[in-house]
Amino acid sequence: MLDIPLSVLEVAMVQTGARAVDTLRDTAAFAQGVERLGYHRIWYAEHHHSPAIGAFPPVVLTAHAAASTSAIRLGSGGVLAPNHAPITLAEQFGTLAALHPDRIDLGIGRGPGTFDEAIARALRRGAGPTTDAEYEGDVAAILSFLVDEVALGPLPEPWLLASSTAGAALAARLGLPIAVAHHIRPDNTQAVLECYRAAFTPSRWCERPRVLVCVETVCAETDEEAAWRIGPMDVIKAGLLKGLSEIPFPTPADAAAHSFTEQERQALAGFRAQQAVGTPETVMHRLTQLAGETGADELMLTTPVYDLGDRIRSYELIKKYSEATAAP
């Protein structure tokens, strides 16, 4: 039995044949749907210049969803600190927290949010990649500005996103809860958690190590249907293995017709085995196993499938199975 909160990461995939505005229009309906199902929080990721993912600022999506929901927590997962002035992030999320008390999270990450170096430089006004020291300074400045400059009432809940031991060490030094990107670099998860827990220092933000693990999760009535729904993301991942980042998000039918090399099939199978894809029983078994392996306080599910209805159905099946198998 899984007895920890379940949450949602929204990546806002733009379907082939659709417009980004259509994806944007779906975000409120999606937030309302997972709120009705009882999920704990929903986070929005920052991406830029991708044909498969909308370039929608997390702060804007958070504000939009907060205005159309009533209870679910919302925030960034994450907003990328090197792309923004620390005081701007503090003002934006501090304002959201004042407008929606005890509902706003500020998940902070480091990456550029794009594979295009020119776009990354444009985001950073011509600057190159940030150093470890610069990133730590940015995160510390955001936290300081939240408290000293823009505290309008309840503060947003800060989290640090990490997929490496360097990120884990920073979260530990600053005493922040950590969101581990198991859905991106699953092979690093245990090392990240060991580093974080061993070095954690209590702070005003967090008294003890607090861990959220994000896992790619696709649930359907049958294993075959789940494999069909995850097919488009397999095409995206196979392209990344070849160094191709400018790949549109294909339809499930196009993905089913895609030809994978044997090396790609093995890599995709290895990755999928560390995530949660299949029937409700299969998915819940894997989520329970992952929670036990990591000692996570919370699991965040990201479901990059083509159709909005299929995405909500995946979350619905998981919740129904969880409730049906819960101890009386």
Enquirer: Identify the heavy atoms of E134 and P129 that sit nearest to each other, and give their distance.
Expert: OE1-O, 4.3 Å
Enquirer: Step by step, work out the side-chain contact (heavy atoms from CB on, under 4.5 Å) result for T189 and T294.
Expert: CA-CA 8 Å; T189 297; T294 61; 4.0 Å; yes
Enquirer: Of the non-hydrogen atoms in A220 and R229, which two are nearest, and what is the gap between them?
Expert: CB-NH1, 3.8 Å
Enquirer: Is any side-chain heavy atom of E281 less than 4.5 Å from a side-chain heavy atom of T325?
Expert: no
Enquirer: When R286 is tested against each of L290, V283, T288 for side-chain contact (heavy atoms from CB on, under 4.5 Å), which residue passes?
Expert: L290
Enquirer: Are W43 and V305 linked, directly or through intermediate hydrophobic residues, by side-chain heavy-atom contacts shorter than 4.5 Å (ILVMFWY only)?
Expert: yes
Enquirer: Please check if the number of heavy atoms outside Q190 that lie under 6.0 Å from its CD is greater than 12.
Expert: yes
Enquirer: Mind checking what makes side-chain contact (heavy atoms from CB on, under 4.5 Å) contact with P232, not counting sequence neighbours?
Expert: F249, P250, P252, A255
Enquirer: Please assess L317 against K320 for the test side-chain contact (heavy atoms from CB on, under 4.5 Å), listing each intermediate value before the final yes or no.
Expert: CA-CA 5 Å; L317 288 170; K320 283 185 175 180; 5.6 Å; no
Enquirer: Evaluate the side chain to side chain donor-acceptor pair (under 3.5 Å) criterion for residues T27 and E10: first the C-alpha distance (whole Å), next the side-chain angles of each, then the deciding distance (0.1 Å), finally the verdict.
Expert: CA-CA 8 Å; T27 57; E10 170 64 300; over 6 Å; no
Enquirer: Is a side-chain donor or acceptor of T95 paired with a backbone partner of E91 at a separation under 3.5 angstrom?
Expert: yes
Enquirer: Mind listing the closest non-hydrogen atom pair of Y44 and A65 along with its distance?
Expert: OH-CB, 3.1 Å
Enquirer: Before giving the answer on side-chain contact (heavy atoms from CB on, under 4.5 Å), spell out for I108 and Y135 the whole-Å C-alpha distance, their side-chain angles and the decisive distance to 0.1 Å.
Expert: CA-CA 10 Å; I108 305 167; Y135 177 55; 4.2 Å; yes
Enquirer: So if I apply the side-chain contact (heavy atoms from CB on, under 4.5 Å) rule between L268 and each of D234, V235, I230, which one comes out positive?
Expert: D234
Enquirer: Looking at E262, I'd like to know if its CD atom is crowded, meaning that more than 12 non-hydrogen atoms belonging to other residues, nucleotides or ligands lie closer than 6.0 Å.
Expert: yes
Enquirer: Show the nearest heavy-atom pair for residues L176 and P158, with the distance to one decimal.
Expert: CD2-CG, 4.0 Å
Enquirer: For the residue pair C219 and Y321, establish whether any side-chain heavy-atom pair is separated by less than 4.5 Å.
Expert: no
Enquirer: Kindly say whether E216 contributes a backbone atom to a donor-acceptor pair with the side chain of T302 at under 3.5 angstrom?
Expert: no
Enquirer: For R197 and A296, work out which heavy atoms get closest and say how close.
Expert: NH2-N, 4.3 Å
Enquirer: Quick one: does I178's side chain get under 4.5 Å of L212's, heavy atoms only?
Expert: no
Enquirer: Determine yes or no for a side-chain-to-main-chain donor-acceptor pair under 3.5 angstrom, with D307 supplying the side chain and G309 the backbone.
Expert: yes
Enquirer: Quick one: list whatever passes ring-ring contact (aromatic ring centres under 6.0 Å, His included) with F56, sequence neighbours left out.
Expert: none
Enquirer: Identify whether V139 and L89 are in the same connected component of the hydrophobic contact network (ILVMFWY, side-chain heavy atoms under 4.5 Å).
Expert: yes
Enquirer: Going hydrophobic residue to hydrophobic residue with side-chain gaps under 4.5 angstrom, can you get from V79 over to V147?
Expert: yes
Enquirer: In terms of hydrophobic clusters joined by side-chain contacts under 4.5 Å, are V34 and L2 together?
Expert: yes
Enquirer: In the structure I gave you, are the side-chain heavy atoms of R103 and I72 within less than 4.5 Å of one another anywhere?
Expert: yes
Enquirer: Between atom CE of M284 and atom OG1 of T217, what is the distance when rounded to the nearest 0.5 Å?
Expert: 10.0 Å
Enquirer: Carefully, step by step, assess Q92 and T62 under the rule side-chain contact (heavy atoms from CB on, under 4.5 Å).
Expert: CA-CA 11 Å; Q92 290 172 344; T62 299; over 6 Å; no
Enquirer: Does the pair R110/D132 count as a salt bridge with the N-to-O cut at 4.0 Å?
Expert: yes
Enquirer: For residues P156 and L146, determine if any side-chain heavy atom of one lies less than 4.5 Å from a side-chain heavy atom of the other.
Expert: yes
Enquirer: When rounded to the nearest 0.5 angstrom, what distance separates CD1 in I312 from CD in Q32?
Expert: 9.0 Å
Enquirer: Around atom CD of E117, are there more than 12 heavy atoms of other residues, nucleotides or ligands at under 6.0 Å?
Expert: no
Enquirer: Report yes if the side chains of M300 and R41 come closer than 4.5 Å at any heavy-atom pair, otherwise no.
Expert: yes
Enquirer: Whether the side chain of Y39 engages the backbone of Y315 through a donor-acceptor N/O pair (distance < 3.5 Å, no angle test) should be reported.
Expert: yes
Enquirer: At what distance, to the nearest 0.5 angstrom, does NE2 of H64 lie from CG of L74?
Expert: 11.0 Å
Enquirer: Nearest 0.5 Å please: distance from the OG atom of S70 over to the CD atom of E35.
Expert: 4.0 Å
Enquirer: With the side chain counted from C-beta on, respond yes when C214 and L9 share a heavy-atom pair under 4.5 Å apart, and no when they do not.
Expert: yes
Enquirer: Between D297 and R210, is the closest basic N to carboxylate O distance under 4.0 Å?
Expert: no
Enquirer: Report the distance from atom CG of L299 to atom NE2 of H40, rounding to the nearest 0.5 Å.
Expert: 12.0 Å
Enquirer: Membership question, hydrophobic clusters at under 4.5 Å side-chain separation (ILVMFWY): are F260 and I236 in the same one?
Expert: no
Enquirer: To the nearest 0.5 Å, tell me how far T130 OG1 sits from E136 CD.
Expert: 11.0 Å
Enquirer: Would you mind reporting whether R73 and E157 have side-chain heavy atoms less than 4.5 Å apart?
Expert: yes
Enquirer: Around atom NE2 of H258, are there more than 12 heavy atoms from other residues, nucleotides or ligands closer than 6.0 Å?
Expert: yes
Enquirer: Thinking salt bridges, do E316 and R36 make one under a 4.0 Å N-O criterion?
Expert: no
Enquirer: Where do Q274 and P186 come nearest, in terms of heavy atoms and distance?
Expert: OE1-CB, 3.5 Å
Enquirer: Flag the pair R313 and E225 as a salt bridge only when some basic side-chain nitrogen lies within less than 4.0 angstrom of an acidic carboxylate oxygen.
Expert: no
